Structure formats: structure tokens, C-alpha cells
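Working notes for the structure below.
For ligands, and for the atoms within them, numbers begin at 1 and follow the listed sequence. We use all heavy atoms of the structure for the numbers below, so side chains are in, but hydrogens, waters and symmetry mates are not. Quick caveat, the model's predicted, so the values are computed rather than measured. In what follows, residues are counted from 1 in the order of the sequence shown.
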Amino acid sequence: MIIPILKQAQMRISRLDRTLITAIVLLSSMFPVELFPNAPPSQKGIDGQYSGKQGQVLVVKVPEAEEVSEVKGTFLERDILFFRESRANEPPGYVGLLGIDMQDDPGTYELAVEVKHGEQIKHLSYNVLVAKAKFAVERLKLPKDKVDLDKKSIARWKVEQAQVKQVLAENSRLKLWHSSFVEPVSGRKTGIFGSVRILNGKPRNPHNGEDISAPMGTDVAATNDGVVRLTVDHIFSGRGIFLDHGLGFYSMYFHLSDIVVKDGDLVRAGQVIGKVGATGRATGPHLHWGIKLNGARVNPYALLDLPFKNGASPADAVLTSVPEFTPAPLTVPAKE
Ligand SMILES: [Zn+2]
């Protein structure tokens with residue numbers, strides 16, 4: 001009889017322990033101020049879990065009743081900037097878009113979030129499960145002179161790469177986009193986002209956007225409100241537009257035959273910004289549509305599925321003028 005009694009006692013203790021732990025967890029999530037300022041960082045993933053496939057976009061919500069000075073996350077060394085969003089029938093909080101890059105290795109990673117409220121900083125930790133996506137294998141045949149670049153073209157390409165990298169490194173703090181995203185061209189999407197490209201028999205970088213086939217000259221619309229950060233005529237992407245939608249979110253439109261906006265222009269969702277073409281390295285008229293979210297290359301079509309359809313977003317900026325932006329001087333790689 002002694003043994004069962006002992007067991008019962010042990011069970012009671014462990015139940016008590018669990019109740020205590022639950023109470024502490026609940027308390028710490030209820031109070032915006034840290035309960036134990038000098039305590040070691042909380043257990044990884046304690047505040048929740050998200051999961052998604054390579055190339056997907058996750059909507060992360062941090063519940064927070066009060067308006068705080070800043071909510072910022074870090075995921076695989078990328079900054080995730082959160083914005084305040086209030087929706088009917090939901091507790092108030094902050095929302096961040098987390099992009100899973102098409103080449104992030106499958107696994108579990110931490111999304112660490114800092115909630116700054118005056119002098120107080122609250123740390124939150126989420127687990128993000130990255131699952132493998134199934135990407136197609138794309139075999140392309142192009143004329144040799146379009147594939148193998150001469151020395152002059154390589155030098156040009158490097159300068160272009162540096163220019164793009166520099167522009168995309170800027171995370172403007174103003175959120176310009178809103179809940180409804182627009183498909184830039186309603187053509188036939190080829191579904192080749194993330195596909196492995198084998199060019200004339202040699203493997204190349206995976207395809208970092210989606211291609212939409214459409215007749216030459218078809219209107220190309222901005223997927224959301226934003227600022228034209230850069231218009232280019234590049235060796236591979238041809239005539240292209242980089243739109244900055246704020247908080248580290250950029251959309252790109254390549255191989256255009258014509259560009260009808262200029263650097264610094266403010267554009268609205270659905271506004272025509274260019275025409276479908278086949279400039280740069282393209283086999284025929286199509287739009288290459290790409291998205292970068294805090295540096296992660298995500299499937300642009302993931303945006304159209306985001307659960308913002310009915311979400312009123314009072315934090316959306318009402319723009320009357322173009323936000324200030326001073327790019328750092330362009331670094332040109334040394335000549336070889
Ligand atoms: Zn493409």
C-alpha cells in the first residue's frame with residue numbers, strides 16, 4: 001500500500017509544479033514589464049510556434065494591448081519590423097511579415113522578438129518550422145552569347161548587382177502597403193518560382209521569382225502602394241522596376257518593354273508602371289515578378305493569399321509626399 005501512496009504524492013507534486021509553471025508563464029505574458037529583469041532569456045520557442053514552406057510568407061502576431069515604441073524581430077539574421085494592427089474580434093497587437101527564403105534549409109529556427117515600451121524591453125521567443133518545398137527543374141537553352149558573358153559584361157553585371165544589393169538593404173520604416181495585393185499581370189503564370197535552372201546543361205541559380213506569360217506591351221500594375229526606388233536597364237533582368245513598400249518589403253518587375261514611372265514616384269496598388277517585354281535575358285515576352293521580404297526571396301503569389309482580406313489596417317500611412325530616402329554612395333567593385 002505504501003508504494004501507491006508515494007506515487008500519488010509524487011503526482012500531486014508534479015501537478016503542483018505544472019500549475020506553478022503555467023501561472024508564471026501566464027503572468028509573464030500578461031505583464032508587459034519583465035517580471036525578473038535579470039533573469040536569463042526565456043526558453044526558446046516558449047511564446048508560440050509557426051510553420052511554413054520555403055518561399056512562403058508567415059503572418060506573425062504579437063499580442064500587445066498597449067501601444068509600444070517598437071516591436072522588432074530577428075529570424076535567421078533578418079530583421080522583421082512589426083506594425084500595429086487592430087482587427088475586429090481580435091485582441092490588439094503587432095503584426096510582422098516573415099519571409100522564408102526559397103533556399104532556407106529545412107529545420108526549426110528561433111524568431112526572437114523585442115517589444116520596446118519606453119525603457120522596458122520584453123523578449124519573446126517563437127519557433128519557426130521551415131519545411132522543404134517541392135520546386136520544379138527548369139531546363140533552358142539559350143544562344144551561347146547570351147549565357148557566357150565577356151569580360152566587359154561581367155564587369156557591368158557586377159556593378160548592377162552592387163546597385164541592387166544596396167537599394168534592397170534599406171528598410172524604410174514607413175509601411176506603405178495595405179491589405180489588398182494586386183496581381184501585376186493576369187497572364188499565364190508558369191509556376192517556376194524556386195525552380196532549379198539548368199542552362200544549356202549547366203546548373204545555375206534557382207529562379208527567384210515567378211514568370212507570367214503575357215503578350216508584348218500588356219500593362220504591368222504595381223502589386224501595392226509604394227515608392228519607385230529604382231528603375232534599371234540591366235544585362236539579365238532587362239528594363240526593371242524596384243518598388244519599396246516599406247518595412248523591408250520590395251517588389252520587382254523585370255524584362256519590361258517600357259517603364260512609365262520614374263525613380264522616387266509614389267505609386268498606388270493597381271497603377272500601371274510598365275509594359276510586358278522581353279528585354280535582358282528572356283526567351284519571349286513575359287513578366288518576371290519577384291518579392292524580397294527583409295532579404296528573403298519569397299513566392300510573390302504568397303502575397304495574394306495573405307489573410308488580410310478583411311483586415312482594416314489603421315496603421316497604414318496616408319501618403320501625400322514621398323518619404324525621404326538618402327541612398328549611400330554606390331560601391332563599385334574593383335576592376336579585375
Ligand atoms: Zn523569371
### Query
side chain to side chain donor-acceptor pair (under 3.5 Å) with His288: which of His255, His207, Glu210?
His207
### Query
Is there a donor-acceptor contact under 3.5 Å linking the side chains of Thr231 and Asp263?
yes
#### Entry: His288: its N/O/S atom lying closest to the Zn ion (ligand 1) (atom name)
ND1
### Lys134 (side chain) donor-acceptor with Ala136 (main chain) under 3.5 angstrom
no
### Asp211: its N/O/S atom lying closest to the Zn ion (ligand 1) (atom name)
OD1
### Query
Any side-chain donor-acceptor pair under 3.5 Å between His117 and Glu64?
no
### Query
N/O/S of His286 less than 2.8 Å from the Zn ion (ligand 1)?
no
### Summary
Value for NZ (Lys44) from CD (Glu110), rounded to nearest 0.5 Å, stands at 5.0 Å
### Query
Has His207 got an N/O/S atom less than 2.8 Å from the Zn ion (ligand 1)?
yes
### Contact flag Glu210/the Zn ion (ligand 1), N/O/S atoms, threshold under 2.8 Å
no
